[in-house]
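The figures that follow rest on heavy atoms only: side chains count, while hydrogens, waters and symmetry mates do not. Everything quoted here is computed from the prediction, not taken from an experiment.
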Amino acid sequence: MLDDFLIRAALAGIGVALAAAPLGCFVVWRRMAFFGDATAHAAILGVVLSLALSLPIIAGALVAALAMAVTVSTLSGRGYSMDTLLGVLAHSALAFGLVSVTFVPGVRIDLTAYLFGDILAVSKGDLGVIWGGAAVVIGLIGWRWQRLLLSTLSEDLAYSAGFDPRREQLVLTIALAIVVAVAIKVVGALLIGAMLIIPAAAARALSTTPERMAVLAALIGGLSALGGLQGAFILDTPAGPSMVCVAAMFFALTTLFKAFRT
């Protein structure tokens with residue numbers, strides 16, 4: 001069954017949706033949308049480093065994404081506003097990555113696949129990496145769920161409960177880096193942020209509890225992946241952007257539903 005490239009693509013899209021859903025909820029609650037984009041942009045530099053050092057692509061993307069996330073977390077509040085810091089680092093990392101690839105000898109790659117994804121080229125090995133990463137992220141978020149929620153609600157409450165909210169921020173940082181690394185083959189560095197934010201934002205309009213929002217975000221993300229693949233197959237459009245378009249339509253529908261309900 002996995003010899004069919006469409007089956008592999010569908011499983012890859014669902015795997016990314018499951019990994020991104022709970023994390024995307026925290027990104028929305030904490031207003032970290034640009035933080036996710038900055039981490040994703042850094043992954044391009046990681047791809048170039050992997051090619052230069054003959055390492056697996058996911059290894060370089062993971063290291064670069066994690067380095068970006070930790071750097072932003074460390075430097076924030078030290079003389080620069082968060083949006084300025086993210087803007088400088090995100091675009092600088094993307095530019096350095098795009099320029100550096102021209103200096104890697106004997107390597108010719110299609111950068112479009114890393115910028116916008118190439119889900120139809122997902123191999124069995126890629127599928128294992130995607131679902132392995134999804135399992136790690138879901139396990140990590142599930143393990144720290146209550147502490148992450150309390151830290152998101154109020155840092156003072158987190159301290160009074162006896163734990164450091166900065167540690168929970170590190171957990172989110174690690175989870176975000178993993179999602180970026182496993183999703184770069186599916187939707188690309190420029191669209192990873194969309195798959196984090198849009199399904200979670202769409203689910204927010206239908207949710208009354210954090211847990212329900214996470215489950216609905218996973219469902220919307222999975223349906224967006226399958227709907228985008230179906231639309232790409234029928235209309236001959238790029239698969240990654242098509243998935244994001246379907247997610248955006250879900251967001252529009254849930255927003256309208258909430259408006260009519262209230």
Side-chain angles (χ1 to χ4, degrees), residues 17-43 61-90 92-93 133-183 192-218 220-221 258:
L18 291 177
L23 185 58
C25 293
F26 285 103
V27 169
V28 169
W29 292 330
R30 289 174 173 245
R31 300 178 182 179
M32 294 170 58
F34 202 11
F35 187 89
D37 283 336
T39 307
H41 288 175
L62 179 59
V63 169
L66 188 57
M68 170 65 80
V70 171
T71 300
V72 171
S73 297
T74 302
L75 295 180
S76 61
R78 299 189 178 184
Y80 294 99
S81 63
M82 177 65 83
D83 60 341
T84 299
L85 190 61
L86 287 172
V88 171
L89 293 178
S92 297
V136 171
V137 171
I138 293 172
L140 193 61
I141 298 298
W143 173 45
R144 312 293 292 187
W145 180 259
Q146 293 299 329
R147 292 192 174 195
L148 287 169
L149 282 178
L150 191 57
S151 298
T152 300
L153 180 64
S154 170
E155 290 190 357
D156 292 334
L157 285 177
Y159 280 119
S160 65
F163 59 89
D164 189 348
R166 291 174 297 182
R167 185 182 298 117
E168 308 313 314
Q169 174 68 34
L170 180 60
V171 170
L172 287 178
T173 297
I174 294 172
L176 182 60
I178 295 172
V179 168
V180 167
V182 301
I192 292 172
M195 291 305 292
L196 278 168
I197 300 165
I198 299 178
R204 191 174 193 174
L206 305 176
S207 304
T208 54
T209 66
E211 292 78 11
R212 182 177 180 180
M213 180 172 166
V215 172
L216 285 177
I220 291 172
K258 182 178 181 180

**Message:** Can you give me the closest heavy-atom contact between I141 and A175, atom names plus distance?
**Reply:** CD1-CB, 4.2 Å
**Message:** With a 4.5 Å cut-off on side-chain heavy atoms, are T173 and T39 touching?
**Reply:** no
**Message:** Looking at every heavy atom in both P22 and A214, which two are closest together, and how far apart are they?
**Reply:** CA-CB, 4.4 Å
**Request:** Could you tell me the separation between the CD1 atom of I174 and the CD atom of Q169, rounded to the nearest 0.5 Å?
**Result:** 11.0 Å
**Message:** Nearest 0.5 angstrom please: M213 CE to T208 OG1, how far?
**Reply:** 12.0 Å
**Fill in**
Rounded to the nearest 0.5 angstrom, the OG-CZ distance for S151 and R166 is 11.5 Å
**Prompt:** Rounded to the nearest 0.5 Å, how far apart are CZ of R144 and CZ of F26?
**Reply:** 11.5 Å
**Prompt:** Between M68 and L176, does a side-chain contact (heavy atoms from CB on, under 4.5 Å) hold up when you go through it step by step?
**Reply:** CA-CA 11 Å; M68 170 65 80; L176 182 60; over 6 Å; no
**Asked** How long is the span from the CZ atom in R31 to the CD1 atom in I197, to the nearest 0.5 Å?
**Response** 13.5 Å
**Prompt:** Under a 4.5 Å cut-off applied to non-hydrogen side-chain atoms, are R30 and L172 in contact?
**Reply:** yes
**Fill in**
Smallest heavy-atom separation, V180 atom then A65 atom, equals CG1-CB, 4.0 Å
**Request:** Provide the closest heavy-atom pair for A217 versus P199 in the form atom of the first, atom of the second, distance.
**Result:** O-CB, 3.6 Å
**Asked** How far does CZ of R167 sit from CG of L148, to the nearest 0.5 angstrom?
**Response** 11.5 Å
